[in-house]
> 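The structure is given below, and queries will be raised subsequently.
When a ligand or atom number is given, it counts from 1 through the structure's own listing order.
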Amino acid sequence: MLLISPPAAKPCEPPAGVAKLAGALNARGISCTVLDANLEGLLSLMLKPQTASDTWTRRAVKNISSNLAALRDPRTYLNPDHYNRAVRDVNRVLEASIREFHAILGLADYHHQQLSPVRSSDLMFAAEHPEENPFYDFFKIRLPEILEKTFSQPPIISFGGRQERPSTVLRAGSGHPSGFVGISLNYLSQALTTFAMIGFIRREFPGLKIVLGGGLVTSWMKSPVWKNPFGGLVDRLIAGPGEGPLLELLGVKGIGHDHVTPDYGSLPREEYLSPGYILPYSGSSGCYWNRCSFCPETAEDNPYVPVPPELAMTDLGSLIAKTDPVLVHLLDNAISPAFMHALANEPPGVPWYGFARIGKELTDGDYCRQLKRSGCRMLKLGLESGDQGILDRLQKGTDLQTASLVLKNLHAAGIAAYVYLLFGTPAETISEARKTLEFVVAHGDAITFLNLAIFNMPVCGHEAREYETGHFYEGDLSLYAAFKHPHGWDRRAVRRFLDIEFKKHPAVSVILNNDPPIFTSNHAAFFSRS
Ligand code: SF4
């Protein structure tokens, strides 16, 4: 089987989804190859020869190798100006590399000026015209090469001491290789290129079966109006964790929620744009709180499945020994108190960061210091609002006194706080938004980084039915419903408030300036020296 992580997403750490699938397949003796087409595709565009018509682009193209080296060098992260310049120059090269396409590409984004990733007809168009995709020159060479390598040796499955070649894999395809290609589609910025690659594989390798899963596919399939528009193009779509369904496809049954240790072994180690290897790890899927009204996890009713903390610690120990990371990125929607205690009691020996809920554990200053000693470099905290009424309406389960104490404790312990705020929720008006501003100003010393988001109404949440206007604002695969704000506090008004009032406040602008451009929270822990 070939597993692919498609472009475009931030190329700073290996893709966790395909590593988990690889772990599940390898544990059952099913050979698979993993392709980080995102990293390879972006690098191929950055490094291709190109001419430039303006001074900035000329300089950026000329310095691309030294800027890539700088982003992989820890010393660059001691000098934010140097880092910022290198990031912006690399991004500039990417933008320029596809100027003949009607699209915009950067280190964290890809969007087409005419084709939408949430319109199934546009995705089908991308599949029918793969040569119109900016990554075509990359994948038209790389895919045949890796498919040849992957499928020239029929895989052997071993289980129960027996070794077999499953008939599903060996089905002959008139001279074409047969087998499975799995693609992990997580972000909208990956969708158009994913379908261009699928179209190419379909055309050139008709004997292969294509399986599509990942976070974005899960969200699409959980929509109340979901009807599969990709029949005939994609053989199987998978919602939720893909390990069990994939193994079933390959003839291994009864996997359920069996624990899987990710396998990063076939992904590159040195080429990601970070000052060393970042090891991503999920101690759970879903969310143990699962109540916030604005959250897709709640709206999609994704089940909470934790890895038992002792198993997670064993995983981390073995993955750290194998990959020698400089940072562990915990991908949990919210690190559970039990997992956090395990990390505090048994430091993994490498700095780590991730999302945590603002809860009573962190009101204990000694415990925060213990976390710091365990390597906790930064916690991402969904505060959302500085108004208690809004937090209650959002069913956030947070009270502002606790939030205040947690921020002070983390600051005193030397743990950076990356605080997420959400504006424009149905109950909010400008008065509540101003309370959020007041809260941030009052805690400015303890907030290291800020993320400001404007509310989107999840299409499958119960509130969508209450407020929606009946039209999806972009396409049949839109994850969000158009909604009319009950108090007129719409996106335009919120944006104006953020630009004119919120971001201009000196206490806020100083925090916003800390944020690493483009890579934001993925690189923030490297700048959080306390
Ligand atoms: S804590 Fe975070 S992930 Fe969990 S339901 Fe709330 S917003 Fe969603």
> Would you mind telling me which of Tyr480, Phe483, Trp489, Phe294 makes a ring pair (Phe, Tyr, Trp, His ring centres under 6.0 Å) with Phe455?
Phe483
> Could you label the plane-to-plane angle of the Phe423 and Phe497 rings as parallel, tilted or perpendicular, counting under 30° as parallel and over 60° as perpendicular?
tilted
> Any non-hydrogen side-chain atom of Leu247 less than 4.5 Å from a side-chain atom of Arg28?
yes
> Between Asn302 and Lys222, does any side-chain donor sit less than 3.5 Å from a side-chain acceptor?
yes
> If you count only heavy atoms, which residues are under 4.0 Å from ligand 1?
Cys287, Trp289, Asn290, Arg291, Cys292, Phe294, Cys295, Thr298, Asn333, Arg357, Lys396
> Do the rings of Tyr264 and Tyr277 sit parallel, tilted or perpendicular, given the 30° and 60° boundaries?
perpendicular
> Could you check whether Asp315 and Tyr281, counting side-chain N and O atoms only, form a donor-acceptor pair closer than 3.5 Å?
yes
